[in-house]
Amino acid sequence: NLGIDVEFSGSVPQYGISNNDLCTVLANTIDNAIRGCDGVENAKITVKGTENPNGFVLEISNPVTKVVEIKNNKVKTSKADKENHGFGIELVKKTAKSYNGYVQLSCENSVFKIEVGFILKGEV
């Protein structure tokens, strides 16, 4: 509805991460990416899934109109109600941690990126 393109490349694991956990990560990161595209003409969100022998890495990136402040791998919210924001990324971090994974945030050249890594478990 907002005219934002979403491009997916790669794959998602057939096992090793629950569908609920994968949906939690995708829903929160893509929702944040949509909000991050506010004011960007012809915005495109890029989602890339890469399986490797050590696990699975999901990268979501989106253009931004201004630099996103990141300190200690946390985003400084631009919302007026700071107390009630930032839960999505924290939920993504908690989910990644449950798979002995990680979350890395960056913002360079007007592109915000979140990388979420997972060590895949046995069949889920």
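Every heavy atom of this structure was used, including side-chain atoms; hydrogens, water molecules and symmetry mates were not.
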Side-chain heavy atoms under 4.5 angstrom apart, residues restricted to Ile, Leu, Val, Met, Phe, Trp, Tyr: same cluster for Phe112 and Val6?
-> yes
For Asp31, salt bridge (Lys or Arg N to Asp or Glu O under 4.0 Å) partners two or more places apart = Arg35
Smallest separation among heavy atoms of Asn28 and Gly88, with atom names = OD1-CA, 3.3 Å
Minimum heavy-atom distance between Val40 and Pro63, given as atom pair plus value | CG1-CG, 3.7 Å
Scanning both residues in full, the closest heavy-atom pair of Glu51 with Val12 reads OE2-O, 3.5 Å
So Ile4 and Ile34, side-chain contact (heavy atoms from CB on, under 4.5 Å) or not? Walk me through it.
-> CA-CA 8 Å; Ile4 300 169; Ile34 289 168; 4.1 Å; yes
Looking at OG of Ser11 and CG of Leu58, how far apart are the two atoms once the value is rounded to the nearest 0.5 Å?
-> 10.5 Å
Ile60 versus Ala33, closest heavy-atom pair with distance = CG2-CB, 4.2 Å
With a 3.5 Å cut-off and no angle check, do the side chains of Asp21 and Thr24 form a donor-acceptor pair?
-> no
In Å and rounded to the nearest 0.5 Å, what is the OG1 to CD1 distance from Thr95 to Ile17?
-> 8.0 Å
Taking the side chain as every heavy atom from C-beta outward, state whether Lys74 and Lys93 have any pair of such atoms under 4.5 Å apart.
-> yes
Heavy-atom check, side chain of Ser18 versus side chain of Tyr99, under 4.5 Å = yes
Give, for atom CG of Asn62 and atom OG1 of Thr29, the distance between the pair rounded to the nearest 0.5 Å.
-> 9.5 Å
Could you please spell out the steps behind the side-chain contact (heavy atoms from CB on, under 4.5 Å) verdict for Val57 and Tyr102?
-> CA-CA 9 Å; Val57 177; Tyr102 66 92; 3.8 Å; yes
Which atoms form the tightest heavy-atom contact between Tyr15 and Lys121, and what is the distance?
-> CD1-O, 4.2 Å
Lys NZ or Arg CZ of Lys48 over Phe8 ring: under 6.0 Å, within 45° = no
Residue pair Glu7, Thr46: steps toward the side-chain hydrogen bond (donor to acceptor under 3.5 Å, both in side chains) verdict | CA-CA 5 Å; Glu7 178 181 276; Thr46 304; 4.5 Å; no
Atom pair CD1 (Ile70) and SG (Cys107), whose distance is rounded to the nearest 0.5 Å = 6.0 Å
Could you walk me through whether Leu26 and Val47 pass the side-chain contact (heavy atoms from CB on, under 4.5 Å) test, one step at a time?
-> CA-CA 9 Å; Leu26 284 168; Val47 181; 4.2 Å; yes
Nearest 0.5 Å, what's the CD1-OG distance between Ile114 and Ser106?
-> 9.5 Å
Counting heavy atoms not belonging to Asn73, are there more than 12 under 6.0 Å from its CG?
-> yes
Ala96 and Gly117: which non-hydrogen atoms are nearest, and at how many Å?
-> CB-O, 4.0 Å
Taking atom CG of Asn42 as the centre, does the number of heavy atoms from other residues, nucleotides or ligands within less than 6.0 Å exceed 12?
-> no
Mutual orientation of the aromatic rings belonging to Phe118 and Phe56 [parallel < 30°, tilted 30-60°, perpendicular > 60°] = parallel
Ile45/Asp5 under side-chain contact (heavy atoms from CB on, under 4.5 Å): CA gap, chis, key distance, verdict = CA-CA 6 Å; Ile45 297 168; Asp5 288 334; over 6 Å; no
Please tell me if the side chains of Ile89 and Val75 come closer than 4.5 Å, counting only heavy atoms from C-beta onward.
-> yes
